[in-house]
Amino acid sequence: MEFRQLGRSGLKVPALSFGTATFGGGNEFFDKWGGVDQKVGNRQVDMCLDHGLNFFDTADVYSAGLAETILGTALHGKREKALISTKATFAMGDGPNEKGSSRFHLIQAAEASLKRLGTDYIDVYFMHGFDALTPVEETLAALDNLVSSGKVRYIGCSNFSGWHVMKSLATSEKYGLARYVVYQGYYSLIGRDYEEEIMPLCIDQGVGTMVW
């Protein structure tokens, strides 16, 4: 497996990662994506590790947390062999503070993800989308605290616009906060908007890219 440097960080990641949005199912939306159970999930994770693919991507909202639980169980006893990325921002309940990128929600969401994954640290923690209601400074300060505490190693953003990314990077530089090292977004032969703004921005700013 070819390994590449993730943005300007020192982290080396495989050229391919394994997404777990198909893990779990259990509701109308995620049943359409897939319903991989624990047994099959264990086998898929083992196959990846056997072939040098050790980067596993998940999110708290995937099957309402079940995908994280399945992944964490599949990696039990093998955590040191794997890199795990997960995400927060989207709603995990009906309460007003059970969504978004506020300090309140991010600390709560990170602790819940760590518990479901059965680990004491997350390798790459993504903001799953941009929260326009929370100041960027608050979000990045909360993420910086998670990094400083050792619960998160690196941070990234997903589904941001170009100005969202650039404002975040500028804020990190201004206040000396942890910096997004990777952007995750949609890119395919039929969806090439990424090339217009995000791609040159990431190249210029040294931000890595993970494609979904």
Would you please say whether a donor-acceptor pair under 3.5 Å links the side chains of [X] and [Y]?
X: Thr134; Y: Ser101; result: no
X: Ser17; Y: Asp57; result: no
X: Ser113; Y: Glu68; result: yes
X: Thr20; Y: Thr58; result: yes
X: Arg116; Y: Thr69; result: no
X: Thr119; Y: Tyr121; result: no
X: Ser161; Y: His164; result: yes
X: Lys87; Y: Tyr62; result: yes

Do [X] and [Y] sit in the same hydrophobic cluster, where Ile, Leu, Val, Met, Phe, Trp and Tyr count as joined when their side-chain heavy atoms come under 4.5 Å apart?
X: Phe18; Y: Ile70; result: yes
X: Leu66; Y: Val61; result: no
X: Val207; Y: Leu143; result: yes
X: Phe126; Y: Leu114; result: no
X: Trp163; Y: Tyr183; result: yes

Exercise for review: May I ask you to establish whether Arg192 and Tyr187 are in a cation-pi arrangement, using a distance under 6.0 Å from NZ or CZ to the six-membered ring centre and at most 45° from the ring axis?
Suggested key: no

Calculate, to the nearest 0.5 Å, the distance between atoms [atom1] and [atom2] belonging to [X] and [Y] respectively.
X: Asp204; Y: Met199; atom1: CG; atom2: CE; value: 14.0 Å
X: Arg179; Y: Asp144; atom1: CZ; atom2: CG; value: 13.5 Å
X: Arg43; Y: Cys48; atom1: CZ; atom2: SG; value: 11.0 Å
X: Leu177; Y: Leu169; atom1: CG; atom2: CG; value: 12.0 Å
X: Trp212; Y: Ser188; atom1: CH2; atom2: OG; value: 9.0 Å
X: Asn159; Y: Thr89; atom1: CG; atom2: OG1; value: 9.5 Å

Do [X] and [Y] have side chains that approach each other closer than 4.5 Å (heavy atoms only, starting at C-beta)?
X: Cys157; Y: Val165; result: yes
X: Lys12; Y: Leu6; result: no
X: Val182; Y: Met210; result: yes

Exercise for review: Apply side-chain contact (heavy atoms from CB on, under 4.5 Å) to Val45 and Phe56, showing your working.
Suggested key: CA-CA 8 Å; Val45 167; Phe56 300 92; 3.9 Å; yes

Point to revise | Evaluation steps, side-chain contact (heavy atoms from CB on, under 4.5 Å), between Val147 and Ile155 | key: CA-CA 8 Å; Val147 172; Ile155 59 172; 4.0 Å; yes

Practice item. Check the pair Leu11, Arg153 against side-chain contact (heavy atoms from CB on, under 4.5 Å), reporting the backbone distance first and the verdict last. Key: CA-CA 10 Å; Leu11 184 66; Arg153 300 270 171 94; over 6 Å; no

Check your understanding: Does atom CD of Glu28 have more than 12 heavy-atom neighbours, drawn from other residues, nucleotides or ligands, at distances under 6.0 Å?
Key -> no

Point to revise | Heavy atoms from other residues, nucleotides or ligands near CZ of Arg8 exceed 12 (cutoff 6.0 Å) | key: yes

On a heavy-atom basis, which atom in [X] and which in [Y] lie closest, and how many Å separate them?
X: Tyr180; Y: Ser168; answer: CE1-CB, 3.4 Å
X: Ala142; Y: Leu106; answer: CB-CD1, 4.3 Å
X: Phe30; Y: Ala21; answer: CD2-O, 3.8 Å
X: Gly156; Y: Val124; answer: N-CG1, 4.5 Å
X: Pro14; Y: Gly52; answer: CB-O, 4.3 Å
X: Leu16; Y: Leu53; answer: O-CG, 3.5 Å

Review point. Do NZ/NE/NH1/NH2 and the carboxylate oxygens of Lys78 and Glu80 come within less than 4.0 Å?
Key: no

Point to revise | Lys/Arg N to Asp/Glu carboxylate O, Arg79 vs Asp123, below 4.0 Å | key: yes

Is a donor on one side and an acceptor on the other found under 3.5 Å between the side chain of [X] and the backbone of [Y]?
X: His51; Y: Met47; value: yes
X: Glu173; Y: Ala170; value: no
X: His105; Y: Asn97; value: yes
X: Gln5; Y: Ser9; value: yes
X: Tyr125; Y: Ala110; value: yes
X: Ser63; Y: Gly25; value: yes
X: Glu138; Y: Arg103; value: yes

Review point. When you look at Lys174 and Glu137, which way does the salt bridge (charged side-chain N to carboxylate O under 4.0 Å, His left out) test go after all the steps?
Key: CA-CA 10 Å; Lys174 180 178 180 180; Glu137 294 85 352; over 6 Å; no

Point to revise | Residue pair Lys99, Phe90: steps toward the side-chain contact (heavy atoms from CB on, under 4.5 Å) verdict | key: CA-CA 5 Å; Lys99 61 183 177 181; Phe90 296 149; over 6 Å; no

Practice item. Determine whether the aromatic ring centres of Phe23 and Trp33 lie less than 6.0 Å apart. Key: no

Review point. Knowing that exactly one of Ile84, Asp60, Leu75 qualifies, which makes a side chain to side chain contact (heavy atoms under 4.5 Å, CB included) with Leu117?
Key: Ile84

